[in-house]
Amino acid sequence: MKFTNHSQQNPTSFLLMGIPGLEASHFWIAFPFCSMYTLAVLGNMAVLLVVYSEPELHQPMYLFLCMLSIIDLVLCTSTVPKLLALFWANTAEITFGGCATQMFFIHGFSAVESGILLAMAFDRYLAICWPLHYGSLLPPEAVGKLGAAAVFRGLGLMTPLTCLLARLSYCGRVVAHSYCEHMAVVKLACGGTQPNNIYGITAATLVVGTDSICIAISYALILRAVLGLSSKEARSKTFGTCGSHLGVILLFYIPGLFSFYTQRFGQHVPRHIHILLADLYLVMPPMLNPFIYGMKTKQIRDGALRLLKRALSSHKVFNPTWRPHPILPLAFGQCLRDQWLPA
């Protein structure tokens with residue numbers, strides 16, 4: 001599909017280009033994205049269901065994990081269905097309101113996820129460095145307050161960004177991206193966009209810079225505490241857990257920062273590489289988080305197995321002693337006769 005930007009003041013809709021240079025491969029690129037999205041939805045829903053159904057998992061660590069799963073579901077669902085429609089059905093058009101909403105959810109909940117990752121690092125610091133005071137330092141009501149603070153901060157920072165976008169006049173309709181990324185839309189504006197550029201860079205740098213520094217300090221203190229443990233087995237277990245957590249954090253921050261700053265300063269980076277990485281950034285962490293944070297945690301694995309056993313034992317489809325009621329075949333036969341035999 002070929003797009004051209006026409007001069008049109010304040011268009012009511014935009015056209016998403018997809019991945020420039022790889023238009024011929026859109027159909028095939030959609031399959032791995034669909035698979036990753038399916039795994040992300042199933043994995044995060046499974047984590048939510050397990051934690052909800054297991055009262056002993058109603059602890060800060062698992063409540064933060066549930067918050068992360070909800071945010072990941074919002075992030076990937078706000079992007080991937082439209083991306084698949086673009087790649088498979090060439091439905092490139094998106095209304096201005098839909099574009100602004102998508103941008104708000106993507107950037108807003110990315111900032112919220114950064115705050116939740118910081119809260120999870122703080123939780124691990126208290127659990128490892130202050131184990132005797134962990135319950136009193138982080139009671140359940142404090143978990144809710146930290147989660148609410150992350151939501152209000154993230155969405156509060158992105159609300160002015162959306163308002164700044166709405167005040168612009170636009171001379172083009174074609175967004176050179178697979179989704180409504182802020183700077184990709186701002187580049188279509190006719191007038192000055194300096195307030196958008198300054199606010200976008202300031203907000204992103206403030207969120208990512210503050211959170212990443214605090215996370216680094218938390219894990220440095222955790223590392224110091226772990227190295228002081230006398231048990232080799234305890235050190236190995238803690239290193240394994242914290243290592244996987246750091247892997248998820250790096251997977252979230254590095255591609256996000258690359259996409260953000262490449263859109264502004266990376267003129268020499270091929271556009272298809274930049275946009276492909278930006279698309280993966282919104283689906284890869286939601287797919288991997290349930291496995292790294294959830295399935296590598298023994299309590300989550302045991303809870304999932306118990307839930308599966310209860311489901312198999314209680315569902316009559318899997319119960320070998322279940323037999324259909326005698327009236328069911330008779331009713332089915334009567335239905336067939338009424339459908340196919342003349343009156």
More than 12 heavy atoms from other groups under 6.0 Å of OH on Tyr219: yes

Enclosure of Trp88 CH2 (heavy-atom neighbours >12, cutoff 6.0 Å): yes

Flag for Tyr134-Asp123: side-chain donor and acceptor within less than 3.5 Å: yes

Pair Arg173, Ser13: side-chain N/O donor-acceptor within cut-off below 3.5 Å: yes

Spacing of Phe252 atom CZ and Asp72 atom CG [to the nearest 0.5 Å]: 8.5 Å

Nearest-0.5 Å distance, CG of residue Leu49 to CG of residue Asn44: 12.5 Å

Path from Ile300 to Leu305 over hydrophobic side-chain contacts below 4.5 Å: no

Cluster check Phe152, Leu68: I/L/V/M/F/W/Y, side chain < 4.5 angstrom: no

Gln194 atom CD, neighbour heavy-atom count above 12 within 6.0 Å: no

Approximate separation, where rounding is to 0.5 Å, of Cys99 SG and Leu16 CG: 6.5 Å

CA sep, side-chain torsions, deciding dist, call: Arg306, Glu56, salt bridge (charged side-chain N to carboxylate O under 4.0 Å, His left out): CA-CA 13 Å; Arg306 285 193 296 270; Glu56 61 270 22; 3.0 Å; yes

Test: Glu54 and Arg301 ion pair at under 4.0 Å: no

